[in-house]
Amino acid sequence: MNKEDIKNWLDRYQNQIRSDAEELLDMQMPEVSEELFAIFEKTGSRIEYEEVYCERRKFLSVFGCMTILDSAEKYRRKLEAVIRNVCEEECWALPAHVNRASDLDWRNCVDLLASETANILAELSTLLRERLSDDIHILIRENIQKRIFDPYLSRKPYATWENCEMNWNAVCNGNIGGAAIYLLQDKPEVLNQLLERVCDNLVHYLNGFSEEGVCKEGLSYYT
């Protein structure tokens, strides 16, 4: 792939983001609810809640990108509304990864999607430091501290994924480390503590690769 191919691909990608933004601009995000969250607990079906969850993150990604690409006020206002809505979610983790019966702190469960949400919000807060309102920056920081950093630092290991040899390790630790780099520059002691732990954990992930370069994902996905 040469430079012209890359430029053409980037142009198509940005045009798709712009098209999605115009389509979604006047639409309300679909709402998550207790009824949707409880479906997995009652039936074992994941798709109903996860489809709505992923559509909500599409709003966050699209308007995050558009606010970076375009200075139009309509995109900034939409992004701030989306961020507020995401921060009002009762739980950032997926129902399939939460045990409400045994975990009193289930609302602050750190899983693949919760950590990813934190990293996206932290990145947007940093890249749009001069464009987003002060209350949005505060909201993002408070939510990530409560939902991600505090639970992660509350015990070691936080969960089995922390030092396992498959992708949960890389995704969760990577997102936590990324969010910390974005948000904790003013707290170097906490930042260094988090990054040292994350880097130690990622060694286990790398050890999970075979000589063929394969990271084993787990047969449980197919059973």
Side-chain angles (χ1 to χ4, degrees), residues 20 23-65 78-125 135-136 138-155 157-162 164 166-176 178-179 183 217-223:
D20 289 343
E23 178 184 347
L24 299 175
L25 188 60
D26 295 323
M27 293 176 58
Q28 295 293 321
M29 285 204 299
E31 293 296 327
V32 288
S33 65
E34 166 60 26
E35 289 73 20
L36 273 178
F37 199 96
I39 289 174
F40 175 78
E41 297 168 337
K42 295 175 181 177
T43 71
S45 178
R46 303 173 58 139
I47 191 168
E48 292 86 356
Y49 185 90
E50 292 183 14
E51 281 186 341
V52 172
Y53 184 103
C54 290
E55 183 66 17
R56 290 170 63 82
R57 293 307 182 270
K58 179 179 179 179
F59 276 77
L60 181 62
S61 298
V62 166
F63 290 105
C65 288
K78 183 71 172 185
L79 175 61
E80 291 197 346
V82 168
I83 290 172
R84 287 192 181 93
N85 205 307
V86 167
C87 288
E88 289 173 357
E89 291 175 359
E90 189 168 16
C91 179
W92 283 353
L94 297 181
H97 303 153
V98 170
N99 189 333
R100 295 200 288 183
S102 63
D103 184 4
L104 296 177
D105 196 33
W106 64 269
R107 293 174 179 83
N108 299 318
C109 173
V110 183
D111 73 341
L112 301 168
L113 279 298
S115 64
E116 181 182 68
T117 298
N119 197 27
I120 292 171
L121 290 172
E123 183 172 29
L124 290 174
S125 181
D135 64 314
I136 290 293
I138 293 170
L139 185 65
I140 288 173
R141 187 163 186 145
E142 289 178 345
N143 270 267
I144 294 175
Q145 185 69 47
K146 178 183 71 173
R147 296 175 186 262
I148 306 297
F149 295 153
D150 287 348
Y152 183 70
L153 291 172
S154 68
R155 60 182 184 268
Y158 169 77
T160 55
W161 56 254
E162 184 167 346
C164 67
M166 54 89 160
N167 79 308
W168 271 67
N169 178 326
V171 175
C172 295
N173 281 296
N175 282 324
I176 292 169
L183 294 185
E217 181 56 38
L219 291 175
S220 61
Y221 275 39
Y222 303 99
T223 60

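Note that the numbering runs from 1 along the sequence shown for the chain. All values reported here derive from a predicted model rather than from experimental measurement.
Between Asn99 and Asp103, the side chains place no donor N or O within less than 3.5 Å of an acceptor N or O (distance only, hydrogens not considered). In this structure, a donor-acceptor pair under 3.5 Å is absent between the side chains of Asn173 and Glu162.
Atom CG of Asp20 is separated from atom SG of Cys65 by 10.0 Å, given to the nearest 0.5 angstrom. From Lys78, atom NZ reaches atom CD1 of Ile83 across 12.5 Å, with rounding to the nearest 0.5 Å. Here CG of Asn85 is found 5.5 Å from CD of Glu88. Values are rounded to the nearest 0.5 Å. A distance of 10.0 Å separates CG of Asn119 from CD1 of Ile148, quoted to the nearest 0.5 Å. A distance of 7.0 Å separates CG in Asp111 from SG in Cys91, rounded to the nearest 0.5 Å.
Aromatic ring orientation, Tyr49 versus Phe37: perpendicular (interplanar angle above 60°, classes split at 30° and 60°).
The shortest heavy-atom contact between Val32 and Glu89 is CG2-CG, 4.2 Å. A pairwise comparison of heavy atoms in Glu31 and Val52 identifies O-CG1, 3.6 Å as the closest pair. Across all non-hydrogen atoms, the minimal contact from Phe59 to Met27 is CE2-O, 3.7 Å. In terms of heavy atoms, Ala93 sits closest to Ala114 at N-CB, 4.0 Å. Between Leu121 and Ile144 the shortest heavy-atom distance is CB-CD1, 4.2 Å. Pairing each heavy atom of Gly64 with each of Leu124, the nearest pair is CA-CD2, 3.7 Å.
Tested against Tyr53, the residues Arg56, Glu51, Glu50, Arg57 include a single side chain to side chain donor-acceptor pair (under 3.5 Å) partner, Arg57.
Between Leu60 and Leu79 there is a side-chain heavy-atom pair separated by less than 4.5 Å. By the 4.5 Å heavy-atom criterion applied to side chains, Val86 and Thr117 are counted as neighbours. At least one side-chain heavy atom of Leu24 sits under 4.5 Å from a side-chain heavy atom of Glu55. Using a 4.5 Å heavy-atom threshold, the side chains of Val98 and Arg107 count as separate. Between Tyr158 and Leu153 the shortest side-chain heavy-atom distance does not fall below 4.5 Å.
Between the Arg100 side chain and the Trp106 main chain, no donor and acceptor come within less than 3.5 Å of each other. No side-chain donor-acceptor contact under 3.5 Å links Ser125 to the backbone of Ala122. Between the Trp92 side chain and the Glu116 main chain, no donor and acceptor come within less than 3.5 Å of each other. Arg147 places no side-chain N or O within donor-acceptor distance of the main-chain N or O of Val110, the cut-off being under 3.5 Å.
Applying the 6.0 Å contact sphere to CD of Gln28 captures no more than 12 heavy atoms from other residues, nucleotides or ligands.
Aromatic ring centres of His97 and Trp161 lie farther apart than the 6.0 Å criterion allows.
Checked against side chain to side chain donor-acceptor pair (under 3.5 Å), Ser115 has the following partners two or more places apart in sequence or in another chain: Asn175.
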| request: Just do the side-chain contact (heavy atoms from CB on, under 4.5 Å) check on Phe63 and Glu80 with the steps written out, would you? | output: CA-CA 9 Å; Phe63 290 105; Glu80 291 197 346; over 6 Å; no

